[in-house]
There are 2 protein chains.
Amino acid sequence: MDISIDEFTRKIRSRGYKLTPQRRVILEILIKNKDNPLTPEGVYKQVKISCSEVGLTTVYRTLELLRKIGVVNHVHFHDGCDRYEINDGKPHHYLICLNCGKVERTNLCFIDKMQKILEKDTAFKITEHCLSFFGYCRFCQLRK
Amino acid sequence: MDISIDEFTRKIRSRGYKLTPQRRVILEILIKNKDNPLTPEGVYKQVKISCSEVGLTTVYRTLELLRKIGVVNHVHFHDGCDRYEINDGKPHHYLICLNCGKVERTNLCFIDKMQKILEKDTAFKITEHCLSFFGYCRFCQLRK
DNA sequence: ATTTTAACTGAAAATTATTTTCAATTATTT
DNA sequence: AAATAATTGAAAATAATTTTCAGTTAAAAT
């Protein structure tokens, strides 16, 4: 379920948006980091490494645009900043160690089932969700 | 599983913290708003209404302290600020309308089960989680 | 191909949320 | 009642994000 540039181009243009080089570069970086949700600042740093000139403001704007058209998910690690990751259609849940900050990703998921029941029960049309677990990783449990 | 002032006092003192009037007032406000996660600013406004003089800094510090001792949960609605709610031991999941901003709470929960399996699988010790659903409420679905 | 136009960009300024600092105060222990 | 270590709050600092606006550019129209 990975997104291709062609598909992305279609998605962008069909909504009256333009496919700019900046948007392309940002998308590529998110694809390269598919297992690692990035902050806007993080995306910006990687853009700079790949030498392209893209402003931080544009990074913020592009991430929000990508979220709106369903290409990325919004993730929170309770550390004071937003993170974004490519939406590959798979569940994307995290285990965040409150001690060392390590982040593990898990695919285990009851959420789809839960979402369907919720939609029936509440008449909400659910388009996104965000689930993170906080606690202590196996190493920090020993260290404490 | 509601928290009493006595229990709170014990929890605070046993860890070497002091039970100050400010902490008491903030706790009371969180209890009064048990179904409605508040931002630090939101807590601060309510403190002011009830006439008590408590600084915003103290609100921030107290909320973080309460989270550390397990009295409140940390919640995110992807709107740029942190929210806190009393931890009553029950699941606390939200449906947030991306259009009108309405927040519904649901008790439906597979999370406990998921958490147990995750702990076994990953050797993580999970102490908190945060789950929110985003989408469109029944009214906004029609309006769009 | 050229023109047109509405969308887009980026630097700087503004805003908002949160954290730090530090001197004065206060809850609890002795 | 005195000692002490934690706590408070105002102000300053920091960090994340948004807004503004003049100049640029992708894509539609000619």
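Chain letters run A, B, ... following the sequence lines, proteins first and then strands; every chain starts at 1.
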**OP:** Quick one: which residue pairs count as a side-chain hydrogen bond (donor to acceptor under 3.5 Å, both in side chains) with a foot in residues 15-37 of chain A, not counting sequence neighbours?
**Re:** A:Asp2-A:Lys34, A:Asn33-A:Gln46
**OP:** Measure from CG on B:Asp79 to P on D:dT17 and round the result to the nearest Å.
**Re:** 12 Å
**OP:** State the NE2-CG distance between B:His76 and B:Leu131, to the nearest 0.5 angstrom.
**Re:** 14.0 Å
Subject >> B:His93-B:Phe133 aromatic ring centre distance below 6.0 Å >> reply: no
Subject >> Qualifying ring-ring contact (aromatic ring centres under 6.0 Å, His included) pairs, either residue in residues 21-46 of chain A, two or more places apart >> reply: none
Subject >> Pairing residues for A:Asp79 by the side chain to side chain donor-acceptor pair (under 3.5 Å) criterion, not counting sequence neighbours >> reply: A:Arg83
Subject >> Residues forming a ring-ring contact (aromatic ring centres under 6.0 Å, His included) with B:Phe8, sequence neighbours excluded >> reply: none
Original post:
What's the spacing between B:Leu95 CG and A:Gln115 CD if we round to 0.5 Å?
Top reply: 9.5 Å
Original post:
Atom NE2 of A:His78 to atom C1' of C:dT18: distance rounded to whole Å?
Top reply: 15 Å
**OP:** Find the bend of the helix from C:dA1-D:dT30 to C:dT30-D:dA1 as the angle between its two terminal axes (five pairs each), to the nearest 10°.
**Re:** 40°
**OP:** Measure the CG-CD1 distance between B:Leu38 and B:Ile29 for me, rounded to the nearest 0.5 Å.
**Re:** 8.0 Å
**OP:** Sequence neighbours left out, what pairs pass side-chain hydrogen bond (donor to acceptor under 3.5 Å, both in side chains) with at least one residue falling in residues 54-71 of chain A?
**Re:** A:Glu64-A:Arg67, A:Arg67-A:Glu128
Original post:
Between D:dT17 and A:Tyr60, is there an OP1 or OP2 to side-chain N/O distance shorter than 4.0 Å?
Top reply: yes
Subject >> Heavy-atom neighbours of A:Lys125 NZ exceed 12 at 6.0 Å >> reply: no
**OP:** Please list, chain by chain and in numerical order, all residues satisfying side-chain contact (heavy atoms from CB on, under 4.5 Å) with A:Asp6, sequence neighbours excluded.
**Re:** A:Ser4, A:Arg10
Original post:
What are the two closest heavy atoms between B:Thr39 and B:Cys81, and how far apart are they?
Top reply: CG2-SG, 3.5 Å
Subject >> Interface with DNA chain D, restricted to residues 48-55 of chain B and to heavy atoms under 4.0 Å >> reply: B:Glu53, B:Val54, B:Gly55
Subject >> From A:Tyr94 atom OH to A:Cys130 atom SG, the distance as rounded to the nearest 0.5 Å >> reply: 9.5 Å
Original post:
So, is B:Gln22 close to the C:dA27 phosphate, meaning a side-chain N or O under 4.0 Å from OP1 or OP2?
Top reply: no
Subject >> For B:Ser132 against B:Ile96, the heavy-atom pair lying closest together >> reply: CB-CD1, 3.7 Å
Original post:
How is A:Glu41 classified with respect to the nucleic acid when contacts are heavy atoms under 4.0 Å: base, sugar-phosphate, or nothing?
Top reply: nothing
With the criterion being N/O to N/O and under 3.5 Å, what pairs connect the protein with nucleotides 12-16 of chain C, and how long is each?
none

**OP:** Find which nucleotide of DNA chain D each of B:Arg23 and A:Leu56 is nearest to by heavy atoms, and output the residue with the more 5' nucleotide.
**Re:** B:Arg23
Subject >> Close approaches to DNA chain D from residues 31-40 of chain B, in residue order (heavy atom, under 4.0 Å) >> reply: none
Original post:
Base, backbone or nothing for each nucleotide of nucleotides 25-30 of chain D, written B, S, -, heavy atoms under 4.0 angstrom, 5' to 3'?
Top reply: BBS---
Subject >> Contacting residues from residues 61-75 of chain A, given that a heavy atom lies under 4.0 angstrom of DNA chain D >> reply: A:Arg61
Original post:
What distance do B:Ile126 atom CD1 and B:Met114 atom CE have between them, rounded to the nearest 0.5 Å?
Top reply: 8.5 Å
Original post:
Between the side chain of A:Thr122 and the main-chain N/O of A:Phe124, is any donor-acceptor distance below 3.5 Å?
Top reply: yes
**OP:** Identify the residue among B:Ile69, B:Leu27, B:Val71 that makes a side chain to side chain contact (heavy atoms under 4.5 Å, CB included) with B:Ile12.
**Re:** B:Ile69
Subject >> Distance in angstrom units between A:His76 NE2 and C:dA17 C1', rounded >> reply: 12 Å
Original post:
What is the distance, rounded to the nearest whole Å, between atom CD1 of A:Ile26 and atom C1' of C:dC8?
Top reply: 12 Å
Original post:
If you measure from CG on B:Leu66 to CG on B:Asn73, what distance do you get to the nearest 0.5 Å?
Top reply: 11.0 Å
